[in-house]
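Report on the structure given below.
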Amino acid sequence: MTLRPPATRYDAVVLDYNGVLGKQPTASAWANLAALASWPADRVTQFQQAFWSRRDGYDAGVISDAQFWVSGMVQRTDRTFASLLPELIKTDVAMWTTVDPAVIHLLRAAHRAGTKFVLLSNAPHALAEALDMTEWSCSLMARSVYSARIGINKPAKQAYEAALAAAGWPDPERVLFVDDRAENTAAAARLGMNTLHYTGNLGALAEHLPQLYPAPAIQQVGAAVA
């Protein structure tokens with residue numbers, strides 16, 4: 001779908017979390033989580049594969065914290081699972097909660113200019129609760145929609161409908177959806193939403209929010225908050 005001209009004022013901007021606001025976990029964070037689940041240091045890649053093979057159900061709230069971790073994720077350990085589970089959940093949540101300060105800076109400026117933001121994220125209950133308590137979520141998001149709370153993940157149609165409902169059912173043609181996954185933006189476009197496949201280009205994001213900076217200054221936004 002063709003985007004509106006830069007700086008068009010939308011009735012709402014729906015944002016993905018991870019890969020847009022949130023930074024991807026570091027290699028050391030993955031290694032730390034794998035070690036906590038008793039995976040050898042040379043099998044972190046296999047741990048990640050096991051993690052993602054089960055994550056859809058966890059994100060959608062179909063399986064519980066215990067169900068996600070107990071079968072196939074935690075290797076042999078001397079610790080009881082009951083004592084280990086809270087630490088696994090805490091460590092997992094922590095590695096997804098680092099945000100990009102340049103994106104947050106830009107969103108704050110757009111919010112002051114009147115932009116209405118709604119968060120739409122594939123996230124399990126524990127992560128959703130943590131994100132809801134962050135300062136940026138409380139101050140920037142009109143509403144937040146998480147897959148675990150609605151029982152379905154993007155790119156299912158119902159996920160986008162839930163975000164539109166959270167935004168007050170604006171005309172989809174007056175909504176911008178931003179996500180780092182092309183399949184998710186394609187699904188939103190099929191509902192008539194304007195979309196931006198975000199690949200880390202802060203200038204591209206700035207150009208499709210109310211014009212806040214002179215064109216030459218857009219690329220300096222990130223440097224200003226680095």
Side-chain angles (χ1 to χ4, degrees), residues 15-101 103-104 119-138 141 143-160 162-163 179-184 187 198-200:
L15 298 165
D16 172 41
Y17 171 67
N18 190 49
V20 179
L21 285 81
K23 289 188 173 183
Q24 300 289 357
T26 63
S28 61
W30 279 112
N32 183 44
L33 184 61
L36 186 61
S38 298
W39 286 67
D42 61 353
R43 290 182 56 81
V44 175
T45 297
Q46 289 77 10
F47 169 80
Q48 290 174 302
Q49 291 169 347
F51 182 97
W52 289 120
S53 71
R54 300 174 56 77
R55 194 67 175 191
D56 281 352
Y58 190 37
D59 281 348
V62 175
I63 61 175
S64 67
D65 296 320
Q67 289 170 324
F68 176 74
W69 287 107
V70 73
S71 179
M73 290 301 300
V74 176
Q75 302 291 291
R76 291 181 179 274
T77 175
D78 293 335
R79 294 182 59 177
T80 66
F81 183 70
S83 70
L84 185 59
L85 180 59
E87 193 172 349
L88 286 165
I89 296 169
K90 181 180 178 179
T91 304
D92 179 29
V93 167
M95 76 177 195
W96 299 107
T97 51
T98 300
V99 295
D100 185 334
V103 172
I104 297 297
L119 192 70
L120 177 60
S121 175
N122 287 354
H125 286 293
L127 179 56
E129 291 167 5
L131 295 179
D132 270 349
M133 296 181 66
T134 61
E135 187 282 330
W136 60 261
S137 177
C138 294
M141 300 299 151
R143 292 279 301 278
S144 294
V145 178
Y146 299 102
S147 55
R149 294 178 182 171
I150 62 174
I152 197 161
N153 298 328
K154 293 176 293 182
K157 177 182 177 182
Q158 296 93 324
Y160 304 95
D179 199 292
D180 68 321
R181 298 179 68 90
E183 61 267 37
N184 291 342
Y198 184 69
T199 58

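Along the sequence shown, residues carry numbers from 1.
The side chain to side chain donor-acceptor pair (under 3.5 Å) test applied to Glu183 returns Arg181, not counting sequence neighbours. Remark: Asp100 engages no residue in a salt bridge (charged side-chain N to carboxylate O under 4.0 Å, His left out) (not counting sequence neighbours). Remark: Asp65 pairs with no residue by the salt bridge (charged side-chain N to carboxylate O under 4.0 Å, His left out) rule, at least two apart or across chains. Partners of Asp16 according to the salt bridge (charged side-chain N to carboxylate O under 4.0 Å, His left out) rule, which considers only residues two or more places apart in sequence or in another chain, are Lys154. Every residue was checked against the salt bridge (charged side-chain N to carboxylate O under 4.0 Å, His left out) condition with Arg143, not counting sequence neighbours, and none meets it.
Nearest heavy atom pair, residue Asp132 against residue Ser144, reads OD1-CB, 3.9 Å. Listed here is the closest heavy atom pair of Thr134 and Leu131: OG1-O, 2.7 Å. The minimum heavy-atom distance linking Ala123 with Ser147 is given by the pair N-OG, 2.8 Å.
Taking the six-membered ring where tryptophan is involved, the planes of Phe47 and Trp39 are perpendicular, since the angle between them exceeds 60° and thus also 30°.
Counting heavy atoms from C-beta outward, Ser64 and His125 have side chains that stay 4.5 Å or more apart. Residues Val70 and Leu85 form no side-chain contact, since every pair of their non-hydrogen atoms from C-beta on lies 4.5 Å or further apart. You'll find the side chain of Leu84 stays beyond 4.5 Å of the side chain of Trp69, heavy atoms only.
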- Message: Using the rule given for side chain to side chain contact (heavy atoms under 4.5 Å, CB included), can you reason through Arg43 versus Gln49, listing the C-alpha separation, both sets of side-chain angles and the distance that settles it, and then say yes or no?
- Response: CA-CA 10 Å; Arg43 290 182 56 81; Gln49 291 169 347; over 6 Å; no
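Judged by distance alone, with hydrogens and angles left aside, the side-chain atoms of Tyr146 form no donor-acceptor pair with the main-chain N or O of Leu119 at under 3.5 Å. The main-chain N or O of Thr80 is found under 3.5 Å from a side-chain atom of Ser83 such that the two form a donor-acceptor pair. Tyr17 places a side-chain N or O within 3.5 Å of a backbone atom of Trp96 that can act as its donor or acceptor partner.
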Using a 3.5 Å cut-off and no angle test, enumerate the donor-acceptor pairs between side-chain atoms of residues 18-34 and protein atoms at least two apart in sequence or in another chain.
unit_1 : atom_1 : unit_2 : atom_2 : d
Asn18  : ND2    : Gln24  : OE1    : 3.1
Thr26  : OG1    : Ser28  : OG     : 3.0
Thr26  : OG1    : Ala29  : N      : 3.1

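A side-chain contact (heavy atoms from CB on, under 4.5 Å) with Asn122 is found for one member of Ile152, Asp56, Asp59, Leu127 and no other, namely Asp59.
Going from atom CG of Leu36 over to atom NZ of Lys90 covers 11.0 Å, rounded to the nearest 0.5 Å. To the nearest 0.5 Å, atom CG of residue Asn153 and atom CZ of residue Arg55 are 10.5 Å apart.
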